[in-house]
Amino acid sequence: MFTGIITDIGRITGVEHRGDLRLRIATAYDTASIDLGASIACSGVCLTVVDKAPGWFAVEVSAETLSRTAGSWQEGTPLNLERALRVGDELGGHIVTGHVDGVGTVVEVLPEGDSTRVVVEAPQALAPYIAAKGSVALDGISLTVNEVSDLAGGGVRFGLNIIPHTQQMTTWGDIAPGRQLNIEIDVLARYLGRMEQLRPRIAHVD
């Protein structure tokens, strides 16, 4: 479990193909305090630590994960990192599971005061779960949706304001149109959506 508050920008420094993809990720974290088997969110993807040494840790990425996530899992790629939430930690963002629901694409980036306005297009399957003033995790970053527009083809576009601090502390310093993003919808929206799917069936049984 995570909060969507990024605490380090890591970088992939090694890639090995061992059936699954094995990545070595450079980090400023004190790796002595990271247990093998611990979970770390890497640009929104919950991955398990399988090896470590001072200054880096290693994870394995399955073919299933590769097929469902955005980004280039290649050497040199920067990653938003967040360690798993511990009991008693401050919940500064929102509840994030590290399970990516879909991939979106940045379609517009505009300056807006000191902040940056980013518009993202997401697939139709995620449209019902994205709402104005609701929470969404993009590349592992907890963000608030400002506005939502449904598209004629069934997809959805939504806008967010990114403050300078967020750009400085994440991989979004060079955000630009065309970039693909890992999207995780709010966990409450996911459960409400499932309840709505089952409502007709339950009503029929009654």
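Here, residue 1 is the first one in the sequence, and each next residue gets the next number.
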Would you indicate whether the side-chain heavy atoms of [Y] and [X] approach each other to under 4.5 Å?
X: I40; Y: V59; answer: no
X: I163; Y: N161; answer: no
X: L138; Y: L160; answer: yes
X: I6; Y: W172; answer: no
X: K52; Y: L36; answer: yes
X: C42; Y: L81; answer: yes
X: W73; Y: V45; answer: yes
X: D139; Y: T170; answer: no

Side chain [X], main chain [Y], donor-acceptor under 3.5 Å:
X: E184; Y: G98; result: yes
X: D101; Y: I185; result: yes
X: T31; Y: A53; result: yes
X: E121; Y: T105; result: no
X: S149; Y: R157; result: no
X: S39; Y: C46; result: no

request  = State whether the number of non-hydrogen atoms from other residues, nucleotides or ligands found under 6.0 Å of R117 atom CZ is greater than 12.
outcome  =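 Above 12, so yes.
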
Which distance, rounded to the nearest 0.5 Å, do you find between the [atom1] of [X] and the [atom2] of [Y]?
X: T171; Y: R11; atom1: OG1; atom2: CZ; result: 10.0 Å
X: Y29; Y: D8; atom1: OH; atom2: CG; result: 5.0 Å
X: E75; Y: E16; atom1: CD; atom2: CD; result: 10.5 Å
X: H165; Y: D114; atom1: NE2; atom2: CG; result: 14.5 Å
X: T7; Y: R83; atom1: OG1; atom2: CZ; result: 8.0 Å
X: I183; Y: Y129; atom1: CD1; atom2: OH; result: 13.5 Å

Look at the side-chain heavy atoms of Ile, Leu, Val, Met, Phe, Trp and Tyr, link any pair under 4.5 Å apart, and say whether [X] and [Y] land in one connected group.
X: I25; Y: V100; value: yes
X: V145; Y: V156; value: yes
X: I95; Y: I5; value: no
X: L143; Y: L85; value: no
X: V119; Y: L126; value: no

Contact summary for [X] and [Y], nearest pair of heavy atoms:
X: I12; Y: L79; value: CG1-CD1, 3.7 Å
X: A132; Y: N146; value: CB-O, 3.8 Å
X: D51; Y: R22; value: CB-NH2, 3.3 Å
X: S142; Y: H94; value: OG-ND1, 2.7 Å
X: R68; Y: V103; value: O-CG2, 3.8 Å
X: P78; Y: I9; value: CB-CG2, 4.2 Å

inquiry  = So, using salt bridge (charged side-chain N to carboxylate O under 4.0 Å, His left out) as the criterion, who are the partners of D174 when residues are at least two apart?
reply    =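 Listed in chain order: R179.
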
query = Do the side-chain N and O atoms of N182 and T69 include a donor-acceptor pair separated by under 3.5 angstrom?
reply =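 Short answer, no.
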
ask   = Name the one of V15, T48, L23 that satisfies side chain to side chain contact (heavy atoms under 4.5 Å, CB included) with V61?
value =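 Of V15, T48, L23, side chain to side chain contact (heavy atoms under 4.5 Å, CB included) with V61 is met by L23 alone.
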
task = Show your reasoning for whether side-chain contact (heavy atoms from CB on, under 4.5 Å) applies to I162 and S115.
result = CA-CA 6 Å; I162 311 302; S115 299; 5.9 Å; no

ask   = Stepwise, does the side-chain contact (heavy atoms from CB on, under 4.5 Å) test hold for L181 with I175?
value = CA-CA 10 Å; L181 306 171; I175 193 78; 4.3 Å; yes

